[in-house]
4 protein chains.
Amino acid sequence: MPPATPEPAARPLRVREDPAVRRQAILEAAARLFATHGFADTTVRDIGDEVAIKSGSLYHYFASKDAILEAVLREFLADLGTATAAIVSAGTSPRRQVTDLVRHAFTLMGERPYWVLTYQNEFLRLAGQPGFEFVAGESARIEAAWVAALTASAEAGDFAVDVPVAVRYRLVRDATWTAVRWYRPGEELDAAALAERYVAVFYGNHAAG
Amino acid sequence: MPPATPEPAARPLRVREDPAVRRQAILEAAARLFATHGFADTTVRDIGDEVAIKSGSLYHYFASKDAILEAVLREFLADLGTATAAIVSAGTSPRRQVTDLVRHAFTLMGERPYWVLTYQNEFLRLAGQPGFEFVAGESARIEAAWVAALTASAEAGDFAVDVPVAVRYRLVRDATWTAVRWYRPGEELDAAALAERYVAVFYGNHAAG
Amino acid sequence: MPPATPEPAARPLRVREDPAVRRQAILEAAARLFATHGFADTTVRDIGDEVAIKSGSLYHYFASKDAILEAVLREFLADLGTATAAIVSAGTSPRRQVTDLVRHAFTLMGERPYWVLTYQNEFLRLAGQPGFEFVAGESARIEAAWVAALTASAEAGDFAVDVPVAVRYRLVRDATWTAVRWYRPGEELDAAALAERYVAVFYGNHAAG
Amino acid sequence: MPPATPEPAARPLRVREDPAVRRQAILEAAARLFATHGFADTTVRDIGDEVAIKSGSLYHYFASKDAILEAVLREFLADLGTATAAIVSAGTSPRRQVTDLVRHAFTLMGERPYWVLTYQNEFLRLAGQPGFEFVAGESARIEAAWVAALTASAEAGDFAVDVPVAVRYRLVRDATWTAVRWYRPGEELDAAALAERYVAVFYGNHAAG
DNA sequence: CATGAATGAGAATTCATTCAT
DNA sequence: GATGAATGAATTCTCATTCAT
């Protein structure tokens, strides 16, 4: 029960912003905090502070702290899924597809490192969690695209060294995506250059003229 | 996409005797829980439950929850540092050293996955944290060993593809160590076989006779 | 043992026109919710939902959640007071008056169970609460009417068993009004028939010729 | 002005009491608060205050606020069930049994009014709630005992007025148990005397010699 | 050594209420 | 009038930590 006689209270500074903009700002802030402190160590107050809102007001935009994480992951996976699908259905050569996938990954890691990290860090914990089934589902779809491109490239004889595709996929995936933990664009090599070198190593040679 | 992580083993250790044994059991349990649930989501009670002890009693062995994490990381890094040093000071060829480093990593991921995961997961968060400076320090020492071996190998002309050592180091390190999220010994390939294939890809060829 | 209580009717009223009509709809909805969930467990949003209005808009009709409860009780007690006064000033015989009071109670419990329940459930809690003094006041007036009728009936020698009027009043009142927790018109006996039987028991005999 | 002497620090006053005693004290306090303010309006802090404990410490004794309510109801219903069973299986006459049931009710209302009120007030809300099925179950058992005694008494021709047992049961039950809202022992009539009069009214006559 | 009771500092969440639009 | 956004105070519950026994 709230107090029967509320005090006048100091005039609250109402900054009326576009709700959609503020919603996105919340996701942006949450992703950053989740990535740097971990979901468990991020409080809704922390998130509120970042967007100059009281923590209680967050609940106008999201039903719970979990729902914020869910929204971050949904948006991230939707974007990644779309980009991935575009690359592998472009009709380009297998090696080109692999290169584009890696390059896109580096670009994404440069542009939205916190979203990538949030996804990576929370993936395991969310495995069976109700409401988060889409994470495994969408991840599997993306994985299938990578595996398909790598398989086609192997069948085309592109690789200098022969290893099972399951092994190669993991090596490529892990080497590529873990770069989010150190890659910062603007330092040394940009995304395209870095991707070029990674792909060269993966193939054991440079792209054929 | 994202590397899967091993399930928590459900074996409550029951050690009544040697305090040192119990201390080690606590670290094992803690590492497993930290790796599977995250440090923040692991309660001292959870740890106590695993070793059949009340949470209050943990404080006879460790000063705090943080101290348990610290002990886990110290032991892990000490062991890893020792093994790493042994490999790179064995007087073997550069490629042999790199191969041994990778093989040792796979072996370690098979034997102590939870320690590896704990280290990886908490590394970023612990960056500046007081009391955890040793993590960055020891990590740097190990990194130096890997970089040295890779540099020597590059100078020996072992690699099919030429890339800056800083780039190659990260690719190799990330591809290798992230395998902890999916590698389970006893399935398909063992540590040695897997390491062999990884190294072949890294070099773009198989070891010269 | 304990009296069961009626289920909440799920009919969201949609009144767009007359403010007075909407005001009344709010009271109906509020009474239903207060009766079924309790005042404390009813949110202003719940009330708004029932009348298809946002909770903020309720404040155009009532100054506070408390004010809604107050209005419910005021209206209920006013109606009950009026009906009671009419019965006891009708110039009928004491037993007739008692019978009419009981019958009216059953009728009211059939027609407006939620208002009766709200009154009963919140009565104790509202005892000393400022702004709710009218509850005790009006209740006392109604009680006086019942006691007067019972006293007159006792003096007329209507009762088979002799007990102090204070005791009889409470027995009669409690037995009668608590029926709201189980009485549903249309099942078995109607209000008049039920009142008849109740009164017969209260008197220890059936009404004389 | 008092000297600026440093505070001696807040020595945590550890009053080491028998846990079972404190547990019961919590239930006692909780029942009182639930009865007077309602469950929803009682905070765990309120309960803690009553037993000079911090609210967090309550969770050493009960898993949740709900669990406290559950314990109150379980204890209450167990005691009531036992007493009821003893009365109806004593081999006494039906009217004696009814009288004993009513008398016991008044005694209980005198001794533990808050438990009775808590039961009555929260009964409805707990209807379908998981974990509270025992409430309906135990209540039904007690109701059966009352109905059996009343039926037997009716068959023995004890009642001056004839009404369906379902009606009579409710009238008797409601009149009796609702007395908890006003009955305070030590005023005017004691439990036995009050029960005697209530029963006389219920029967329409005084017990046969 | 081990424990159970206790604490206090938060944590997420709820909700009556306000008010600019 | 109506609404949605915002608030702030309160609520239940959690948990690392302490400490007398």
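Naming convention: chains lettered A, B, ... in sequence-line order (proteins, then strands); numbering from 1 in each chain.
Across the interface with DNA chain F, nearest-nucleotide mapping of C:Gly56 and B:His60 shows C:Gly56 to be the residue nearer the 5′ end. Toward the 5' end of DNA chain E, the nearer of the two residues D:Tyr61 and B:Ile53, judged by each one's closest nucleotide, is B:Ile53. Place A:Ala52 and D:Asp66 on DNA chain F by their nearest nucleotides, and A:Ala52 ends up nearer the 5' end.
In this structure, CG of C:Asp18 is placed 10 Å from P of F:dG1, rounded to the nearest angstrom. Rounded to a whole Å, the CD1 atom of C:Ile47 is 8 Å from the P atom of E:dA16. F:dA6 atom P lies 14 Å from atom CZ of C:Arg45, rounded to whole Å. One can place CG of D:Leu58 at 14 Å from P of E:dG8, the figure rounded to the nearest angstrom. For C:Phe62 and E:dT18, the CZ to C1' distance is 19 Å, given to the nearest whole Å. The CG atom of C:Asp49 sits 11 Å away from the P atom of F:dT3 (whole-angstrom rounding). In this structure, NZ of A:Lys65 is placed 15 Å from P of E:dT14, rounded to the nearest angstrom.
Heavy atoms of B:Tyr59 sit under 4.0 angstrom from at least one base atom. Within the nucleic acid shown, C:Ser57 comes within 4.0 Å of at least one base atom, counting heavy atoms only.
Here the side chains of C:Tyr119 and C:Leu126 are not in contact, with every heavy-atom distance at 4.5 Å or above. Residues D:Gln129 and D:Asp66 are in side-chain contact: their nearest non-hydrogen atoms beyond the backbone lie under 4.5 Å apart. Under the 4.5 Å side-chain criterion, counting only non-hydrogen atoms from C-beta, D:Arg125 is in contact with D:Phe39. Annotation: side chain of C:Val135 is not in contact with side chain of C:Glu122 (no heavy-atom distance under 4.5 Å).
Residues of residues 24-42 of chain A having a heavy atom closer than 4.0 Å to DNA chain E, listed by number: A:Thr42.
Crowding of A:Phe62 atom CZ: a count of heavy atoms from other residues, nucleotides or ligands under 6.0 Å exceeding 12. Within 6.0 Å of the CZ atom in C:Phe132, the count of heavy atoms belonging to other residues, nucleotides or ligands exceeds 12.
Base pairing analysis places F:dC13 opposite E:dG10; the two distances defining the Watson-Crick or G-U wobble pair are each below 3.5 Å. Of the nucleotides present, F:dA2 is the one that pairs with E:dT21 by Watson-Crick or G-U wobble criteria, both distances under 3.5 Å.
The two residues D:Ala30 and D:Ile47 come nearest to each other via the heavy atoms CB-CD1, 4.1 Å.
Between E:dA2 and B:Lys54, no contact under 4.0 Å exists linking OP1 or OP2 to a side-chain N or O. Within the structure, a side-chain polar atom (N or O) of B:Arg22 is placed less than 4.0 Å from OP1 or OP2 of E:dA2.
Distance from the side chain of D:Ser64 is smallest for F:dC13 among the nucleotides F:dG4, F:dT11, F:dC13. Taking the side chain of D:Pro19 as heavy atoms from C-beta on, and the options E:dT13, E:dA5, E:dG8, the nearest nucleotide is E:dA5.
One distance of note links CD of B:Glu75 with CZ of B:Arg112; it measures 5.0 Å at 0.5 Å rounding.
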